[in-house]
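Treat the numbers as computed from the prediction; the structure is a model and nothing was measured.
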Amino acid sequence: MILRARVEPLAWESQFFGLQSAIVRIDDSAPPLTAETLAGQARVQAKIPADRADFLDALQQLGFRLVEGEVDLALAVTPVAPVIAEVATGADIPALRDMAARAFALSRFRAPWYSPQDSGRFYAQWIENAVRGTFDHQCLLLRAASGDIRGYVSLRELNDTNARIGLLAGRGAGAELMQAALNWAQARGKKTVRVATQMGNTAALKRYIQSGANVESTAFWLYR
């Protein structure tokens, strides 16, 4: 098939990874996607619906390789038991960066497309930015009696009715973190909380589904 798409530069990722990067946006009104269109980019990403084998075949013919699958889920905001969670501050950033780097050491930002340390570095920056109110709007913490961080969840408001979980991590704290996220969303008048995870992350998928989330869509990430 002829795949029509736009190639959009990814300025932030290009700067962060030191790798000229762009993403393919499939658009029937765009020109045909060709090898010449892709030239000049060190890394080009594409995210396609998992049920579009025709897109997958067309991208593979242009040299793209499958990286991973992604699942998008949605959870209705309903009243849940309150959880004692606190808003992360700048003083928590060093510990959170370390936790995120370890929790997300494996992701789509992995070798051979990126350096081995890049995934952890990316998510460490994500959680720092969430504490500072960028990327996500806020980061909530659960603490142990010792004061150590047991788990964290970052959240952002998408619009008047939807919120999204950015990062969620904390061994044994998943159910409480989901409750904290729902409480946060309900306090802001949201109707739905959205979250995405890797297809291979069965622990996260089980947690979200056990918390009441439903799968809305699946997708593939490819790189060239």
Side-chain angles (χ1 to χ4, degrees), residues 1-72 93 96-136 154 156 158 164-169 194-201 204 217-224:
M1 69 170 292
I2 296 176
L3 188 65
R4 295 181 176 273
R6 294 173 286 108
V7 179
E8 297 181 356
L10 293 171
W12 191 90
E13 288 188 20
S14 296
Q15 181 179 9
F16 185 81
F17 293 115
L19 197 66
Q20 192 64 37
S21 302
I23 189 167
V24 168
R25 306 287 190 191
I26 296 173
D27 181 350
D28 289 340
S29 65
L33 188 66
T34 65
E36 288 74 23
T37 310
L38 299 166
Q41 300 290 342
R43 181 72 58 246
V44 185
Q45 307 173 8
K47 183 182 179 182
I48 61 171
D51 61 354
R52 292 302 302 261
D54 53 340
F55 289 173
L56 179 62
D57 291 344
L59 288 167
Q60 287 179 325
Q61 289 173 10
L62 287 168
F64 283 82
R65 293 169 59 192
L66 181 63
V67 178
E68 72 170 30
E70 185 174 287
V71 182
D72 273 285
I93 286 174
L96 285 168
R97 285 186 61 96
D98 181 64
M99 291 175 71
R102 289 185 281 109
F104 301 99
L106 296 176
S107 75
R108 67 183 180 88
F109 299 110
R110 60 178 174 85
W113 297 281
Y114 294 88
S115 300
Q117 74 279 6
D118 276 348
S119 180
R121 193 166 64 89
F122 177 87
Y123 288 100
Q125 190 62 53
W126 181 329
I127 202 63
E128 176 175 342
N129 287 1
V131 174
R132 299 188 187 282
T134 60
F135 271 31
D136 294 329
S154 68
R156 68 179 178 271
L158 299 177
R164 177 172 284 279
I165 292 171
L167 301 181
L168 183 151
R194 301 185 180 279
V195 64
T197 190
Q198 296 165 263
M199 284 183 183
N201 191 345
S217 63
T218 55
F220 291 135
W221 279 99
L222 299 96
Y223 292 162
R224 181 184 189 273

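Looking only at distances, no side-chain donor or acceptor of S154 sits under 3.5 Å from a matching main-chain atom of I127. Side chain of S14 to backbone of S21: a donor-acceptor contact under 3.5 angstrom is found.
For L56, the side-chain contact (heavy atoms from CB on, under 4.5 Å) test picks out I48, Q60, L222, with sequence neighbours left out. For D57, there are no salt bridge (Lys or Arg N to Asp or Glu O under 4.0 Å) partners at least two apart in sequence or on another chain. Evaluation of the side chain to side chain donor-acceptor pair (under 3.5 Å) rule for E8 yields R6, R25 as partners, not counting sequence neighbours. Under the rule for a salt bridge (Lys or Arg N to Asp or Glu O under 4.0 Å), R43 has no partner lying at least two apart in sequence or in another chain. With sequence neighbours excluded, no residue forms a side chain to side chain donor-acceptor pair (under 3.5 Å) with D51. Residues forming a side chain to side chain donor-acceptor pair (under 3.5 Å) with R156 (at least two apart in sequence, or on another chain): D136. For D118, the side chain to side chain donor-acceptor pair (under 3.5 Å) partners at least two apart in sequence or on another chain are R121. Taking V195 as the reference, L73, I165, Y208 meet the side-chain contact (heavy atoms from CB on, under 4.5 Å) condition, with sequence neighbours excluded. Applying the salt bridge (Lys or Arg N to Asp or Glu O under 4.0 Å) rule to E13 yields no partners; only residues at least two apart in sequence or on another chain are considered.
Between W126 and F122, the ring-plane angle classifies as perpendicular under the 30° and 60° cut-offs.
Within the model, atoms CZ of R52 and CD1 of I26 stand 7.5 Å from one another, a figure rounded to the nearest 0.5 Å. With values rounded to the nearest 0.5 angstrom, E68 atom CD is found 9.5 Å from N201 atom CG. A distance of 9.5 Å separates CD in Q20 from CG in L10, rounded to the nearest 0.5 Å.
Residues F135 and W12 meet the side-chain proximity criterion, which asks for heavy atoms closer than 4.5 Å. Counting heavy atoms from C-beta on, the side chains of F109 and F104 never come closer than 4.5 Å. Put simply, the side chain of D72 reaches to within 4.5 Å of the side chain of E70, judged on heavy atoms.
Of all heavy-atom pairs spanning A196 and R164, the tightest one is N-NH1, 3.6 Å. Taking every heavy atom of both residues into account, V71 and M199 meet most closely at CG2-CG, 3.6 Å.
Surrounding CG of L158 are more than 12 heavy atoms belonging to other residues, nucleotides or ligands, all under 6.0 Å away.
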Which side-chain N or O atoms in residues 29-42 pair as donor and acceptor under 3.5 Å with protein atoms at least two apart or in another chain?
| from | atom 1 | to | atom 2 | distance (Å) |
| --- | --- | --- | --- | --- |
| S29 | OG | D27 | OD1 | 2.7 |
| S29 | OG | D27 | OD2 | 3.2 |
| T34 | OG1 | E36 | N | 3.4 |
| T34 | OG1 | E36 | OE1 | 3.4 |
| T34 | OG1 | T37 | N | 3.2 |
| T34 | OG1 | T37 | OG1 | 2.8 |
| T37 | OG1 | T34 | N | 3.4 |

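Counting only residues at least two apart or in different chains, salt bridge (charged side-chain N to carboxylate O under 4.0 Å, His left out) contacts with residues 98-107 comprise D98-R102. Among residue pairs with one or both ends in residues 103-116, those qualifying as side-chain hydrogen bond (donor to acceptor under 3.5 Å, both in side chains) are Q45-R108, Q45-Y114, S107-S119, R108-Y223; sequence neighbours excluded.
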